[in-house]
4 protein chains.
Amino acid sequence: MTADPETRLRADARRNRDQILAAARVIFAAQGAEVPMEEIARSAGVGVGTLYRRFPDRDALIRAVAVDNFDRVLRDAKAAKDEESSDWDALIRLLHQSMELQLSIQLAMVSPRALAILTSDPAIKALRDELLEVMDSFVQGAQAEGRLRPDVATGDVAILFAIVLRQMPGKSAEVARMATRRCIGIMIDGLRAADSNEPLPGQALTGADLDP
Amino acid sequence: MTADPETRLRADARRNRDQILAAARVIFAAQGAEVPMEEIARSAGVGVGTLYRRFPDRDALIRAVAVDNFDRVLRDAKAAKDEESSDWDALIRLLHQSMELQLSIQLAMVSPRALAILTSDPAIKALRDELLEVMDSFVQGAQAEGRLRPDVATGDVAILFAIVLRQMPGKSAEVARMATRRCIGIMIDGLRAADSNEPLPGQALTGADLDP
Amino acid sequence: MTADPETRLRADARRNRDQILAAARVIFAAQGAEVPMEEIARSAGVGVGTLYRRFPDRDALIRAVAVDNFDRVLRDAKAAKDEESSDWDALIRLLHQSMELQLSIQLAMVSPRALAILTSDPAIKALRDELLEVMDSFVQGAQAEGRLRPDVATGDVAILFAIVLRQMPGKSAEVARMATRRCIGIMIDGLRAADSNEPLPGQALTGADLDP
Amino acid sequence: MTADPETRLRADARRNRDQILAAARVIFAAQGAEVPMEEIARSAGVGVGTLYRRFPDRDALIRAVAVDNFDRVLRDAKAAKDEESSDWDALIRLLHQSMELQLSIQLAMVSPRALAILTSDPAIKALRDELLEVMDSFVQGAQAEGRLRPDVATGDVAILFAIVLRQMPGKSAEVARMATRRCIGIMIDGLRAADSNEPLPGQALTGADLDP
DNA sequence: TATGAATGAGAGTTCATTCAT
DNA sequence: CATGAATGAACTCTCATTCAT
């Protein structure tokens with residue numbers, strides 16, 4: 001009955017792994033996934049050798065960061081489901097809360113390289129699919145509640161998430177945060193069910209439309 | 001009697017310059033600004049040396065592509081101003097039409113490096129400022145027409161543009177185009193003046209808020 | 001308890017550093033300071049990467065070689081001071097002995113580039129100034145002894161050193177060595193105090209005259 | 001009876017050739033023989049193409065500059081022979097006068113590359129040999145006159161010339177000129193016949209010793 | 001096991017030389 | 001014939017990854 005490999009790490013090794021992951025998360029979010037490995041190691045307070053012992057190459061590190069990140073968002077989503085009284089409110093809360101998402105997005109959308117890595121990893125695909133399922137329940141529920149416009153599907157909402165949450169480099173953290181909040185507000189108004197809306201072009205995008 | 005240096009190039013040099021610019025535009029848009037110079041040269045059908053003769057280094061090439069691009073968008077914006085019967089319509093048209101913008105956005109927002117280059121170039125700043133002025137007239141006009149919600153300013157709209165138009169790597173061109181159009185539709189609905197809107201948080205963002 | 005960074009290198013790194021310095025010394029002396037870095041690395045038995053890890057760029061390597069070299073000459077000069085019974089003899093010995101000087105000279109006088117690097121480095125300037133001081137004491141002493149002609153100063157002597165010791169490329173080592181020894185002999189005769197000498201033109205050159 | 005190819009050049013071509021040669025002489029003397037061809041062309045006021053039409057490659061240009069230069073020195077030497085009343089005086093005059101030599105020296109001694117080119121060109125070898133013959137007559141005559149020390153031969157004197165006349169980069173033209181004159185003075189004193197001289201080591205170096 | 005040194009492939013850039021205008 | 005554009009090999013430097021200490 002051996003446990004998950006990560007579980008068996010010695011305490012210090014464990015600590016190293018966590019520090020590396022935390023450092024990589026911060027650096028990836030701020031500068032993208034192409035930073036020198038040495039910089040990540042330094043910022044984690046370990047040598048490159050240690051980094052490579054834990055993550056055999058850059059891809060593995062990117063994957064680990066992504067898994068960690070999707071995990072957090074998924075936990076957020078489930079909490080929203082449990083704690084909010086309507087699906088519309090859960091959706092809105094997730095949207096407002098998930099700054100975590102920014103990193104997934106940054107990773108997934110900024111470099112074709114990172115994207116290729118992520119979409120080819122089954123563990124990540126599983127997490128993403130699970131997240132899409134939760135969102136799907138939000139979307140359908142909110143439409144049933146009459147609060148989400150009926151001509152969108154989960155894919156539309158996910159893309160809007162992704163788009164709005166992408167990092168805005170070069171703005172001060174202050175401005176970026178406020179701008180993001182305002183954009184989310186506008187987006188939510190655009191998603192709200194309303195008679196005046198002209199129908200959107202094309203077909204509603206489902207979760208499946210987001211694949212490769 | 002213009003003496004623009006570009007004008008004085010020999011016919012073949014001119015052709016090469018244009019091909020390089022076109023190739024760089026396509027490649028930057030698809031893969032970001034960090035692609036090997038050799039790849040750009042090859043795709044333009046010239047040797048690296050030629051590329052470097054026209055653009056002394058990568059920064060110069062990025063700048064040239066950006067200038068070219070802002071130029072096009074600015075022309076679009078002016079055409080919209082002249083040909084549409086209301087400012088709201090002009091704004092909508094610019095938004096729908098300016099796929100060109102995608103490249104500016106890609107360049108400006110994807111890599112911190114490209115951003116630094118662009119914001120430090122006065123010619124580009126001038127073009128950007130001019131574009132913001134045109135958009136400002138659209139925004140104020142559309143608000144006067146009662147069709148654009150009053151709690152946004154030009155900065156908000158520009159950021160939404162930027163955000164929505166960023167390339168979505170990894171999706172097929174087909175899906176990406178449709179998704180973008182749908183997102184724009186939702187965004188426009190969110191921008192439309194409506195009684196039901198809750199007020200947005202913070203202050204309306206002006207063009208000036210977009211600076212460094 | 002010195003903490004000189006060089007002292008803290010791991011044994012193998014230390015060895016490599018020394019080999020690189022030795023190889024560079026030989027190659028710079030033979031071919032000037034513009035040789036491909038790869039050639040230096042190969043001749044030191046390491047990869048380019050190693051060379052660049054120790055010396056961040058060519059300039060740093062040139063500087064390190066120059067410091068090393070001035071150090072040796074300075075040691076020679078001090079030994080001459082301590083061990084010879086007169087200043088004239090010390091001067092003559094230094095002149096005969098300091099084949100080391102050839103490299104400094106080669107570096108300092110052959111390429112404008114190397115010259116610029118060296119004159120802008122304070123550590124090197126300090127060593128050079130210290131060497132000039134020792135030579136100055138030789139010169140003044142030997143003049144007091146009545147054995148060095150009175151119408152020269154340290155700058156004259158230093159320039160003669162520099163000039164005579166410059167490498168003669170293309171001659172066999174054998175011929176070059178002999179030719180240098182003969183030139184030094186002639187030069188010494190020219191420096192010897194003698195009634196028959198016509199006065200030299202201009203003012204005696206001091207060490208200060210050698211600055212930029 | 002076609003003339004020397006150079007003679008048949010059209011007037012403008014002739015002018016270009018001369019300008020290139022003059023520019024190259026100046027630049028080689030100041031910066032060595034490794035300067036970009038484009039810089040030479042620019043400074044001559046022609047395009048690179050023109051430079052290459054006249055001189056098929058860099059080696060040819062170096063050779064042409066060297067031939068031109070040896071020519072001048074040889075003319076100087078012959079004038080000295082004709083106009084001075086003793087061989088010693090002719091030798092001294094040549095030494096003082098031949099700043100021209102600086103360029104030959106610069107070319108011949110600074111870069112192994114230039115040296116290789118020069119020693120392999122028969123036209124240059126011929127000129128050099130002719131120059132050595134004239135100097136040889138000076139040396140033997142001056143020794144017969146009892147004014148030049150008997151333990152040197154033409155090779156020694158030529159090497160001293162070469163050594164002393166090499167450019168001193170980094171000094172102001174003012175200082176460099178004065179320093180050179182003073183060094184020549186010391187050297188001449190060292191060459192003067194005198195009882196006090198200790199014999200030089202080794203054998204007197206003849207012109208033949210200067211080969212490869 | 002952790003560290004940081006060594007390696008070498010590859011990217012950016014320069015420049016000698018050729019060739020179209 | 002003059003010009004300056006185009007080419008590509010060579011060089012400098014960086015960084016992912018491996019390996020000795």
Side-chain angles (χ1 to χ4, degrees), chain A residues 9-10 12-13 16 34-42 45-61, chain B residues 8-17 20 34-42 44-61, chain C residues 8-17 20 34-42 44-61, chain D residues 9-10 12-13 15-16 34-42 44-61:
Chain A
L9 288 175
R10 261 172 35 186
D12 56 343
N16 277 339
E34 320 278 68
V35 227
M37 295 297 264
E38 186 126 11
E39 187 170 334
I40 298 169
R42 186 166 355 105
V46 303
V48 248
T50 308
L51 196 168
Y52 274 90
R53 169 173 291 273
R54 291 301 152 229
F55 306 95
D57 58 17
R58 178 189 293 280
D59 288 9
L61 178 59
Chain B
R8 299 207 165 289
L9 286 176
R10 233 165 62 180
D12 55 344
R14 174 86 227 172
R15 191 169 350 101
N16 277 333
R17 202 195 120 95
I20 292 170
E34 320 277 69
V35 248
M37 295 296 262
E38 184 127 13
E39 187 170 334
I40 298 171
R42 184 163 0 99
V46 303
V48 246
T50 304
L51 197 168
Y52 275 93
R53 169 179 280 270
R54 285 311 145 219
F55 306 96
D57 56 17
R58 178 187 294 279
D59 287 7
L61 179 59
Chain C
R8 301 207 163 288
L9 286 175
R10 232 166 62 181
D12 56 343
R14 175 85 228 175
R15 189 167 353 101
N16 277 333
R17 200 195 121 96
I20 292 170
E34 321 278 68
V35 248
M37 294 296 264
E38 184 127 13
E39 187 170 334
I40 298 171
R42 185 165 358 101
V46 303
V48 244
T50 304
L51 197 168
Y52 275 94
R53 168 180 279 270
R54 284 312 144 217
F55 306 96
D57 55 17
R58 178 188 294 281
D59 288 8
L61 179 58
Chain D
L9 288 175
R10 260 171 38 184
D12 56 344
R15 189 165 359 96
N16 277 338
E34 321 278 68
V35 228
M37 295 297 264
E38 186 126 11
E39 187 170 333
I40 298 170
R42 185 165 358 102
V46 303
V48 247
T50 307
L51 197 168
Y52 273 91
R53 169 174 290 274
R54 290 303 150 225
F55 306 95
D57 58 15
R58 178 189 293 278
D59 288 8
L61 178 59

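Numbered from 1 within each chain, the chains take letters A, B, ... in sequence-line order.
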message: Measure CG/B/Leu61 against P/E/dA11 and give the value in whole Å, please.
response: 17 Å
- line: Correct closest heavy-atom pair for C/Asp57 and C/Met37 would be C-CE, 4.2 Å
task: For A/Met37 and E/dG4, give me the distance from atom CE to atom P, rounded to whole Å.
output: 16 Å
query: Is there a side-chain polar atom (N or O) of C/Arg14 under 4.0 Å from OP1 or OP2 of E/dA5?
result: no
message: When you measure from the side-chain N and O atoms of A/Asn16 to the phosphate of E/dA2, is any distance below 4.0 Å, counting only OP1 and OP2?
response: yes
statement: Side-chain contact check for A/Tyr52: nearest option of E/dA9, E/dT17, F/dT18 is F/dT18
task: Please check the phosphate of F/dA5 (OP1 and OP2 only) for any side-chain N or O of B/Thr50 closer than 4.0 Å.
output: no
- prompt: What is the pairing partner of E/dG12, taking Watson-Crick or G-U wobble pairs with both distances under 3.5 Å in any strand?
  reply: F/dC11
message: Heavy-atom nearest nucleotide on DNA chain E for B/Arg53 versus C/Leu51: which residue maps closer to 5'?
response: C/Leu51
field: Interatomic distance, B/Glu34 CD vs E/dG12 C1' [rounded to whole Å]
entry: 13 Å
field: D/Arg58 side-chain N/O to E/dT17 phosphate OP1/OP2 under 4.0 Å
entry: no
- request: Check the distance between F/dC11's C1' and C/Ile40's CD1 and give it to me in whole angstrom.
  value: 12 Å
- prompt: How many Å lie between CD on C/Glu38 and P on F/dT14, as a whole number?
  reply: 15 Å
field: Nearest atoms (heavy-atom pairs only) where C/Ile20 meets C/Leu51
entry: CD1-CA, 3.8 Å
E/dA2 pairs with, by Watson-Crick or G-U criteria that keep both distances under 3.5 Å: F/dT21
task: Could you tell me the separation between the CZ atom of C/Arg42 and the P atom of E/dA6, rounded to a whole number of Å?
output: 18 Å
- prompt: What nucleotide among E/dA16, F/dC1, E/dA11 has an atom nearest to a side-chain atom of B/Pro36?
  reply: E/dA11
statement: Residue pair C/Gly49/B/Pro56 against DNA chain E: nearer the 5' end by closest nucleotide is C/Gly49
Selected nucleotide, minimal atom distance to C/Val48 side chain, candidates F/dG8, E/dA9, E/dT17: E/dA9
- prompt: 5'-most contact on DNA chain F: B/Gly45 or C/Asp57, nearest heavy atom basis?
  reply: B/Gly45
statement: Ranking F/dC11, F/dC13, F/dT7 by distance to the side chain of B/Val46, first place goes to F/dT7
B/Glu39 CD - E/dG12 C1' separation (whole Å): 14 Å
query: Is A/Asp12 touching bases, backbone alone, or none of the nucleic acid, heavy atoms closer than 4.0 Å?
result: nothing
field: Side-chain donor/acceptor of B/Arg58 to backbone N/O of B/Val35, under 3.5 Å
entry: yes
- prompt: Hey, is CD on A/Glu39 packed in by over 12 heavy atoms from elsewhere, all under 6.0 Å?
  reply: yes
Length of the line joining A/Phe55:CZ and F/dT17:C1', which is rounded to integer Å: 16 Å
field: Straight-line distance of C/Thr50 OG1 to C/Arg53 CZ, nearest 0.5 Å
entry: 8.0 Å
